[in-house]
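Remember, it's 1-based here, ligands and their atoms both numbered in the order they're listed. FYI, the numbering just counts along the sequence from 1. Note that the coordinates shown come from a computational prediction; the quantities given were computed from them, not determined experimentally.
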Amino acid sequence: MKIHEYQAKQLFQKFNVPIPQGGVAATPHEAYQVAEGLGGDRFVVKAQIHAGGRGKGGGVKVASSLSEVTSLADAILGMNLVTHQTGPEGRLVKKVLVEQALDIKQELYLGVVIDRAQARPVIMMSAAGGMEIEEVAARTPELIIKEAVDPAVGLQPYQTRNLAFGVGLDPILLRTASGFITNLYKMFEAYDCSLVEINPLVVTTDGQMLALDAKVTFDDNALYRHKELLELEDPDEMDPLELEATKHNLNYIRLDGTIGAMVNGAGLAMATMDLIKLAGAEPANFLDVGGGASADMIANGFRIILSDPRVKAILINIFGGILRCDVLAEGVLEAAKKVNVNVPIIVRLEGTNCEIGRNLLGESGLNFTVAGDMLDAAHKVAALA
Ligand code: ADP
Ligand code: MG
């Protein structure tokens, strides 16, 4: 689960990770009030969307007066912000963060991620802050200093010193930097994060270190331990079809292709996607209805696939075990009664009651083609799409 920059900064504050003073606003007038409360004469207005690269896309602007805060907020709120992370369709901006503008001396990068190869959290720091870290990693990897943390012993003081010295920080900032990194790591651990990233972490002209940007991703599998975090989720940032699927307990991920796929079991779903690609087509989604799906869940899954306008053909690939093939067929027919099925459907059913399932679908009068095996099904569906 991802959260907005302003929410991430509120969590930073709880862990004594310094942030610029600021507040969130949903209207230009609110933005004005936040700025007025901050005092000072330079402010930054920042679009709140779940994507980076906002600065380059025109979603981060500096204002030199209160009235400019109002006009910038007016321009940014409601804009469709396109960045390299949003995709070409962009994201609608519904909130802005208004902050005091800082006098920046140095921009650094600081991030904590899980390194799956080492099976440990890794802290990364770089003097090349403010730019895309992926670029830095590709072109000048020596500029990224890394420290893996052994979870059994925790982050050690020598490691924060290695990081601070490694990026060439002024030695006078050593204690500040060590405290900063330690507190950020505490937060990463406390909330079971999979990513915490500050780009840039700035050193101001008066020698303070602050998190200017904040990106936090929580491990969904650990969210049950942090129920208070659930209210930070912003449904506007989720794909509407994925949101709908979550409500019905379906494991659905939207993709860019044209073949809708309904499969039971994550392994079979991945194999099906491979075969669709092998047959020269692209899947429009990943959908695992689960081993023990009910007719109702099947109906909802089918409806969700059909409501994606990119879908040109559907492949139903079910191995009947706990989910019997006749139950699957009933679910599909139930859904077909309620929605208009205007694309061809290829069905591959095997396992418990597969004959009954195939007959139910075959005699339904709908546009179903029964395939012999998985590869045959993939070729047929690719040809139809
Ligand atoms: P993004 O990474 O999405 O582009 P950032 O929060 O990193 O957004 O902001 C982009 C740039 O805007 C920063 O690298 C920094 O130079 C500038 N900036 C952001 N917030 C402030 C601030 N409070 N004071 C001064 N400059 C800022
Ligand atoms: Mg940034």
Task: Sub-2.8 Å protein N, O or S atoms surrounding the Mg ion (ligand 2) - done: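 Within the sphere that stays under 2.8 Å of the Mg ion (ligand 2), the protein atoms of type N, O or S are Asn199 O, Asp213 OD2.
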Open item on the list: Using the rule side-chain hydrogen bond (donor to acceptor under 3.5 Å, both in side chains), only one of Lys46, Lys9, Arg54 pairs with Asp213; which is it?
Closed with: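 When side-chain hydrogen bond (donor to acceptor under 3.5 Å, both in side chains) is applied between Asp213 and each of Lys46, Lys9, Arg54, only Arg54 qualifies.
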Open item on the list: Among residues at least two apart in sequence or on other chains, which ones pass side-chain contact (heavy atoms from CB on, under 4.5 Å) with Ala148?
Closed with: Gln118, Arg120, Val122
TODO: Just let me know how Asn199 lines up against ligand 1, side chain, backbone, both or neither, with a heavy-atom cut-off below 4.0 Å.
DONE: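 For Asn199, the contact with ligand 1 is made by the backbone alone.
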Open item on the list: Considering Glu197, Gln100, Gln21, Lys215 one by one, which has a heavy atom nearer to atom 23 (N) of ligand 1 than any of the others?
Closed with: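 Of the listed residues, Gln100 has the closest heavy atom.
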For ligand 1, which atoms have a heavy atom of [X] less than 4.0 angstrom away?
X      : answer
Glu99  : 23 (N)
Arg54  : 1 (P), 3 (O), 4 (O), 5 (P), 6 (O), 8 (O)
Ile104 : 25 (C), 26 (N)
Glu107 : 14 (O), 15 (C), 16 (O)
Gly52  : 3 (O)
Ala101 : 24 (N)

Open item on the list: Can you tell me which residue among Thr272, Val332, Leu250 is in a side chain to side chain contact (heavy atoms under 4.5 Å, CB included) with Met262?
Closed with: Val332
Task: Sub-4.0 Å protein heavy atom near atom 11 (C) of ligand 1 - done: no
